[in-house]
Amino acid sequence: MARDDRANFGSKLGVILASAGSAVGLGNIWRFPFETGNNGGAAFILIYLVCVLLLGIPIMIAEFSIGRHSRANTAGAYQRLAPGTQWRWVGRMGVLTGFLILSYYSVVAGWTLEYIGEAAGNGFAGKTAEEFIDSFNSFVGHPFRPILWLVLFLLATHYVIVKGVEKGIEKSAKIMMPVLFLLLLVLTACSISLPGAGAGIEFLLKPDFSKVDSTVLLNATGQAFFSLSLGMGCLCTYASYFRDDTNLPRTAFNVAAIDTLVAILAGFIIFPAAFSVGIQPDAGPSLLFITLPNVFQQAFGSLPWLAVLLSLLFYVLLALASLTSTISMHEVVTAYLHEEFNLPRSKAARLVTSGCILLGIFCSLSLGVGKEYTLFGLTLFDIFDFLTAKIMLPLGGLFIALFTGWYLDKQLFRSEVTNNGTLKFAFYKTLVFVLRYIAPIGIAAIFINELGLLKG
Ligand code: PHE
């Protein structure tokens, strides 16, 4: 496809909101709290923040530069910038990662639709914490219901993808991001004023570094990549639709700041509420879905209409935030099939959607009727999460850092970062240093440590 024929995001705000829309999603509101809970609380958050600053922002600028310069899907981008080399496998691995994440992510996104229904029907009224746990477990284990929602969610994603970049992706992000943010603020205020919430706040603010080991480091790194949509060419694909005057470092900084703020707010909603009703912080993937209904129930129980209104609004926004993320993953794979195999966009999208529905069904069933089929004690759903977030994304990030730090022409990289020298970027040297040394050595060290190669 000729460079000029490709779609573009229409405005600067659109660029930031679409990228932030990709980044903000279940990763912040569902995954961040349960990873924080599983990894000991405040110390994990501090390490996470270091990962965002030291790995996330530099690698995001690298992905933006690769994508905007090549104006191609992520696999095509490496082909253009490094023709005839093996670097194209970095792009291809990204496409595969996106496909796998989309499959299991849509399962959880589907759960949000079930909870929209519950909220609308005032289904949380009068329930105890125990009852919330039971109803979550019986829903997730049900053979059909979660699958129905999963399919519906993927079809909605498909619809936006087929409508195209500017109309679909940009418009939806512009409306829902600010509303989501406001609602999160309201819910934070409610949660921290619940009785006994103090223990949850302490859990978030008092670090205990004695629990930090290489697994915690890997989990924080993986969470940073997952939450920022990094390491799989997602923001690289989006950047291929950026305008020539988009300020890449500033956009990266803004996206990382918005994403981190939402994650921290989610922590301040979930943990005070969890401690208040006696739910263990390491409850895992069910954490969001059992603590949050409790917040609505306890904070607004005496005003049922407000409880219905706010819980409905929350789940609708959570579904929309997930949608802007699933769209971005879908786009990576669709753009790849469309541009590399010359398939019409709609046919490429149909292939991706059907493939994800199939894999998603297996992931969903692995939490219910297929529970006994495990590998190393992990269900298929957990394997997908582990493999993508903790292996493939950090590995992708490692290669992206090596590619921009060592292989890519320095002149080209500098001119992308500074828009042909028209922008000043005071940290350019630091950026190159981080991409050359800190990021690759840091990620490799975490992997090696975790694999136990240094322990024996
Ligand atoms: N960042 C998204 C979230 O936090 C998930 C995602 C991962 C999106 C990878 C795109 C690519 O929910």
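Numbering of ligands and ligand atoms starts at 1, following listing order.
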Practice item. Kindly confirm or rule out an N or O of Ala23 lying under 3.5 angstrom from an N or O of ligand 1. Key: yes
Revision key, fill the gap. Residue, atom and distance of the protein heavy atom nearest atom 7 (C) of ligand 1 read Phe226 O, 3.3 Å
Check your understanding: Counting from 1, what ligand 1 atoms have a heavy atom of Met232 closer than 4.0 Å?
Key -> 9 (C), 11 (C)
Revision key, fill the gap. Of Ile45, Val262, Leu26, the one forming a side-chain contact (heavy atoms from CB on, under 4.5 Å) with Phe32 is Ile45
Check your understanding: What residue pairs, at least two apart or across chains, pass side-chain hydrogen bond (donor to acceptor under 3.5 Å, both in side chains) with a residue in residues 387-403?
Key -> Glu35-Lys390, Asn219-Lys390
Review point. Which of the atoms of ligand 1 are close to Ser227, meaning less than 4.0 Å from one of its heavy atoms?
Key: 1 (N), 4 (O)
Practice item. Taking only heavy atoms of Asn28 into account, list the atoms of ligand 1 that are under 4.0 Å away from them. Key: 4 (O)
**Study point:** Result of checking Leu155, Val151, Leu150, Thr157 against Phe153 for side-chain contact (heavy atoms from CB on, under 4.5 Å)
**Key:** Thr157
Practice item. If a pair satisfies salt bridge (charged side-chain N to carboxylate O under 4.0 Å, His left out) and one of its residues is in residues 96-119, list it, with sequence neighbours excluded. Key: Glu114-Arg145, Glu118-Lys127
**Study point:** Trp111-Phe136 aromatic ring centre distance below 6.0 Å
**Key:** yes
Review point. Which word best sums up how the rings of Tyr104 and Phe381 line up, parallel for under 30°, tilted for 30 to 60°, or perpendicular for over 60°?
Key: perpendicular
Review point. Relative to the heavy atoms of Met329, which atoms of ligand 1 are at a distance of less than 4.0 Å?
Key: 5 (C), 6 (C), 8 (C), 10 (C), 11 (C)
Check your understanding: Does a side-chain heavy-atom distance below 4.5 Å link Phe296 with Leu292?
Key -> yes
Exercise for review: Could you tell me whether Leu26 and ligand 1 have an N or O pair separated by under 3.5 Å?
Suggested key: yes
Check your understanding: Of all the heavy atoms in Tyr105, does at least one lie under 4.0 Å from an atom in ligand 1?
Key -> yes
Practice item. Side-chain contact test, heavy atoms from C-beta onward, threshold under 4.5 Å: evaluate it for Phe139 versus Trp149 and give yes or no. Key: yes
Practice item. State, with a plain yes or no, whether a side-chain heavy atom of Trp87 is found less than 4.5 Å away from one of Leu402. Key: yes
Review point. Is Asp259 in polar range of ligand 1, meaning some N or O pair under 3.5 Å apart?
Key: no
Exercise for review: Classify the contact between Cys234 and ligand 1 as side chain, backbone, both or neither, using a heavy-atom distance cut-off of under 4.0 Å.
Suggested key: side chain
Review point. Which residue supplies the protein heavy atom nearest to atom 8 (C) of ligand 1, what is that atom called, and how far is it?
Key: Ser229 OG, 3.3 Å
Check your understanding: In terms of atom number and element, which parts of ligand 1 are under 4.0 angstrom from non-hydrogen atoms of Gly27?
Key -> 3 (C), 4 (O), 12 (O)
Practice item. Considering heavy atoms of the protein only, find what lies nearest to atom 2 (C) of ligand 1 and give residue, atom and distance to 0.1 Å. Key: Ser22 O, 3.2 Å
